[in-house]
Each structure stands twice: as structure tokens, then as C-alpha cells.
Amino acid sequence: LTNNGGSAFAQSSQINDNGQVVWAQRNTSTSVQDIYLYNGTTTINLTNNTTSGIWPDEPQINNNGQVVWYQRNESTNICDIYLYDGTTTINLTNNSSGTYAYKPQINNSGQVVWYQQNSSTSDVYLYDGATTTNLTNSSSSSYAYYPQINNRGQVIWALYRSNDPMWDVYLYDSAATTNLTNNSSGIYAYEPHINNSGQVIWYQWNESTNICDMYLYDGATTTNLTNNVGYGWPQNPQINDSGQVVWYQQNSSTFGYDIY
């Protein structure tokens with residue numbers, strides 16, 4: 001799709017179910033970076049940046065060909081979220097200096113989530129196609145990160161509290177926000193993922209026991225899938241729409257890694 005030779009670096013590629021592809025690409029001679037869309041026939045430059053120091057990256061594409069990405073401006077110290085809706089590109093955040101929006105995700109309805117941080121906190125935002133809502137309204141020393149959204153509009157994220165160190169996993173389902181973990185200090189839940197049935201997977205580390213386990217929330221009940229008794233460290237969980245889960249885990253005896 002690119003045939004760049006040595007003139008450009010293409011990265012962060014994503015593909016939808018219709019074979020449309022997006023990626024970020026930097027021109028090595030001008031240090032200008034852009035987002036490109038291959039729509040199945042033609043490759044389109046969605047950003048057309050002309051100056052260096054503007055860095056769009058990590059594009060995501062849904063099955064309708066809508067694309068989101070974040071873009072950092074070095075000179076203004078601003079990072080914004082952009083949405084290409086198939087016709088027009090919209091800045092969803094219009095942030096001020098010192099505010100950084102990252103990790104946008106988009107579902108097939110065109111709903112977008114991302115996290116946004118400043119010097120004291122980090123929040124998760126949802127754009128529903130018309131309105132942007134702060135889902136977390138975090139207090140100082142609370143930091144919400146890495147949201148994901150499914151095609152039902154359910155959103156999950158991890159939230160860290162630095163004043164009483166813990167990580168929790170939260171689920172927003174349009175009616176209410178639920179803390180799925182309710183952890184105490186020293187227990188850390190990471191990398192939540194959600195499927196289109198609303199099932200959620202994450203791994204969780206207990207600092208006092210040094211045990212790490214994989215947990216599944218099925219919509220009603222949370223189950224420990226691993227029940228480790230020693231050093232194991234399951235990580236990088238993934239879940240499909242049938243509820244099947246995969247992760248990798250270090251063997252406590254051999255210290256090699258296995259897929260489960």
C-alpha cells in the first residue's frame with residue numbers, strides 16, 4: 001500500500017472488516033507526519049500536515065470507514081483527538097496548552113472514547129456523535145486510563161488512585177458506572193478489555209502476596225480464571241465475542257512463557 005522505500009516510515013496500521021486500512025506515516029526528509037486511509041480503492045491523506053512538530057498517531061477505524069486518531073502539537077504543547085467521519089475531519093477536544101488526549105477508540109456507531117490528562121488528573125471522555133461527556137470526573141490524584149468501547153456503547157477503563165495506591169476496573173453501560181473490582185490498597189487491576197457481549201477481562205496483581213491472576217466479568221459475576229499460588233504473571237488478555245479468552249503467562253518453575 002505504501003512502497004515508501006527510504007523516504008518515509010509507515011506505522012500504527014489498523015484494518016477494519018471491509019479491508020479498509022489506516023496508518024500513520026512520517027516523511028523522513030521533512031519530519032512531517034500524516035494519517036492515511038486506504039478505502040479499498042484509493043489512498044487518502046486525512047491530515048495534510050505541512051510543518052514538522054505535529055504528530056498524529058495511533059489511528060483506529062470502524063467498519064463504516066470512520067477514523068479517529070490523536071495529534072500532538074509540539075509548539076503549543078497540546079494533544080487533541082480528531083475524527084474523520086467519512087467526509088469531514090473534526091477536532092473533538094480543542095484542548096488548551098498542557099492538556100493531552102490519547103488512545104482514542106471508535107465503535108461501529110461512531111462513538112469515540114479516549115483519556116485526557118493534565119498535571120493533576122486524568123479522565124475518560126465519550127463522544128456519542130453529538131455530545132462529549134466526561135465519564136469519570138476524577139478528583140485530584142486519580143487517573144483514568146486506556147478506555148475501550150464496544151458496539152453496544154459500553155465503556156471500560158482502569159483507574160489509578162495515587163493517594164491510596166490501587167487500580168480498579170470500571171464499566172459504563174449508559175445507565176450507570178460500576179466499579180467491577182473495588183480493590184483495596186496494594187491491589188492493581190490492569191489492561192481491561194471488553195467484547196460486544198459486555199464481558200470484561202483483566203489481570204490483577206496483589207502486592208502483598210505477589211500473585212497475579214486473570215479475571216473475567218460475564219455481565220453478572222466475576223471469576224478468577226487462574227487462581228495462581230505463586231509467581232505466574234498472566235498478562236495481555238484478549239476476549240472475543242464468544243467469550244473465549246487468551247493470555248500469556250510466565251511459568252513459575254521454568255520462567256518460560258506460555259499461551260493459555
Side-chain angles (χ1 to χ4, degrees), residues 35 55-62 64 66-73 76-85 88-183 188-196 198-202 217 219:
I35 300 297
W55 305 106
D57 208 350
E58 297 188 4
Q60 304 287 320
I61 186 169
N62 68 11
N64 296 312
Q66 296 171 303
V67 183
V68 292
W69 64 91
Y70 76 83
Q71 182 164 292
R72 179 171 58 90
N73 188 317
T76 62
N77 199 30
I78 292 172
C79 192
D80 282 307
I81 302 297
Y82 288 82
L83 167 66
Y84 172 74
D85 64 8
T88 305
T89 297
I90 307 164
N91 184 337
L92 297 182
T93 48
N94 291 295
N95 286 327
S96 57
S97 182
T99 304
Y100 310 94
Y102 292 113
K103 300 290 181 182
Q105 302 285 318
I106 187 169
N107 68 10
N108 286 335
S109 298
Q111 297 171 303
V112 183
V113 292
W114 65 90
Y115 79 87
Q116 186 165 298
Q117 65 183 41
N118 55 36
S119 59
S120 61
T121 190
S122 176
D123 283 301
V124 168
Y125 289 81
L126 168 66
Y127 172 74
D128 64 7
T131 304
T132 297
T133 304
N134 185 336
L135 298 183
T136 50
N137 291 296
S138 299
S139 59
S140 181
S141 303
S142 293
Y143 304 89
Y145 291 112
Y146 308 117
Q148 291 197 350
I149 187 168
N150 66 12
N151 286 330
R152 295 165 61 181
Q154 295 172 302
V155 182
I156 51 100
W157 64 87
L159 186 139
Y160 173 65
R161 294 180 179 85
S162 60
N163 55 357
D164 188 17
M166 70 184 73
W167 283 85
D168 280 306
V169 171
Y170 286 81
L171 169 66
Y172 168 80
D173 66 359
S174 78
T177 297
T178 305
N179 185 337
L180 299 183
T181 48
N182 290 297
N183 287 328
Y188 307 91
Y190 298 116
E191 290 189 32
H193 293 265
I194 189 168
N195 66 11
N196 286 320
Q199 297 169 303
V200 183
I201 188 79
W202 68 90
Y217 172 75

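Nothing here was measured: the structure is a model prediction, and the numbers come from that model. Every heavy atom of this structure was used, including side-chain atoms; hydrogens, water molecules and symmetry mates were not.
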Fill in: Evaluation steps, side chain to side chain contact (heavy atoms under 4.5 Å, CB included), between Tyr127 and Ile81
CA-CA 11 Å; Tyr127 172 74; Ile81 302 297; over 6 Å; no

Worksheet item: For Tyr145, which residues count as a ring pair (Phe, Tyr, Trp, His ring centres under 6.0 Å) partner, sequence neighbours excluded?
Response: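 Checked Tyr145 against ring pair (Phe, Tyr, Trp, His ring centres under 6.0 Å); matches are Tyr115, Trp167.
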
Discussion item. My understanding is that only residues two or more places apart in sequence, or in another chain, count here; which of them pass side chain to side chain donor-acceptor pair (under 3.5 Å) with Gln154?
Written reply: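 Listed in chain order: Asn150.
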
Fill in: Gln116: side chain to side chain donor-acceptor pair (under 3.5 Å) partners, not counting sequence neighbours
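Partners of Gln116 by the side chain to side chain donor-acceptor pair (under 3.5 Å) criterion, ordered by chain and then number, come out as Asn95, Trp114.
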
Worksheet entry | side chain to side chain contact (heavy atoms under 4.5 Å, CB included) between Ile90 and Asp85, intermediate numbers included | CA-CA 8 Å; Ile90 307 164; Asp85 64 8; 4.1 Å; yes

Taking all atoms of both residues into account, what is the closest heavy-atom pair of [X] and [Y], and its distance?
X: Asn62; Y: Asn107; result: ND2-O, 2.8 Å
X: Ser138; Y: Asp123; result: N-OD1, 2.5 Å
X: Ala144; Y: Ser122; result: O-OG, 2.7 Å
X: Tyr188; Y: Pro165; result: OH-CB, 3.6 Å
X: Ile106; Y: Gln60; result: CG2-O, 4.1 Å
X: Pro147; Y: Gln105; result: O-CG, 3.5 Å

Could you give the distance from [atom1] ([X]) to [atom2] ([Y]), rounded to the nearest 0.5 Å?
X: Tyr102; Y: Tyr70; atom1: OH; atom2: OH; value: 6.5 Å
X: Ile156; Y: Tyr146; atom1: CD1; atom2: OH; value: 13.0 Å
X: Asn108; Y: Gln66; atom1: CG; atom2: CD; value: 8.5 Å
X: Asp164; Y: Ser141; atom1: CG; atom2: OG; value: 11.0 Å
X: Asp173; Y: Ile194; atom1: CG; atom2: CD1; value: 9.0 Å
X: Leu135; Y: Leu126; atom1: CG; atom2: CG; value: 5.0 Å

Worksheet item: With sequence neighbours left out, what residues match Glu58 under salt bridge (Lys or Arg N to Asp or Glu O under 4.0 Å)?
Response: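 Applying salt bridge (Lys or Arg N to Asp or Glu O under 4.0 Å) to Glu58 gives Lys103.
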
Discussion item. Just to verify, what does Arg152 make a salt bridge (Lys or Arg N to Asp or Glu O under 4.0 Å) with, not counting sequence neighbours?
Written reply: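 So Arg152 forms no salt bridge (Lys or Arg N to Asp or Glu O under 4.0 Å) with any residue.
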
Discussion item. Can you tell whether the side chains of Asp57 and Arg72 come within less than 4.0 Å, N to carboxylate O?
Written reply: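 A salt bridge is absent here (no side-chain N lies under 4.0 Å from a carboxylate O).
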
Worksheet item: Do Asn77 and Tyr100 come within less than 4.5 Å of each other through their side chains, counting heavy atoms only?
Response: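 Of all side-chain heavy-atom pairs linking Tyr100 with Asn77, at least one is under 4.5 Å.
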
Item to complete: May I ask you to test the Tyr172-Trp157 pair for a side-chain heavy-atom distance under 4.5 Å?
Response: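 With C-beta onward as the side chain, the pair touches.
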
Practice prompt. Walk me through it: do Arg161 and Asp168 pass the test side chain to side chain contact (heavy atoms under 4.5 Å, CB included)?
Written response: CA-CA 9 Å; Arg161 294 180 179 85; Asp168 280 306; 3.0 Å; yes

Discussion item. Using only atom types and a distance under 3.5 Å, with no angle test, would you say the side chain of Ser97 pairs donor to acceptor with the backbone of Thr76?
Written reply: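 Present.
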
Practice prompt. Say whether, by atom type as modelled, one donor and one acceptor occur between the side chain of Thr89 and the main chain of Tyr84 under 3.5 angstrom.
Written response: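 No: the side chain of Thr89 does not pair with the backbone of Tyr84.
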
Worksheet item: Please walk me through it: do Leu180 and Trp202 pass side chain to side chain contact (heavy atoms under 4.5 Å, CB included)?
Response: CA-CA 10 Å; Leu180 299 183; Trp202 68 90; 4.2 Å; yes

Item to complete: Taking side-chain contact (heavy atoms from CB on, under 4.5 Å) as the test, write out the residues that go with Asn91, two or more places apart.
Response: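 Partners of Asn91 by the side-chain contact (heavy atoms from CB on, under 4.5 Å) criterion, ordered by chain and then number, come out as Asp80, Tyr82, Thr93, Asn94.
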
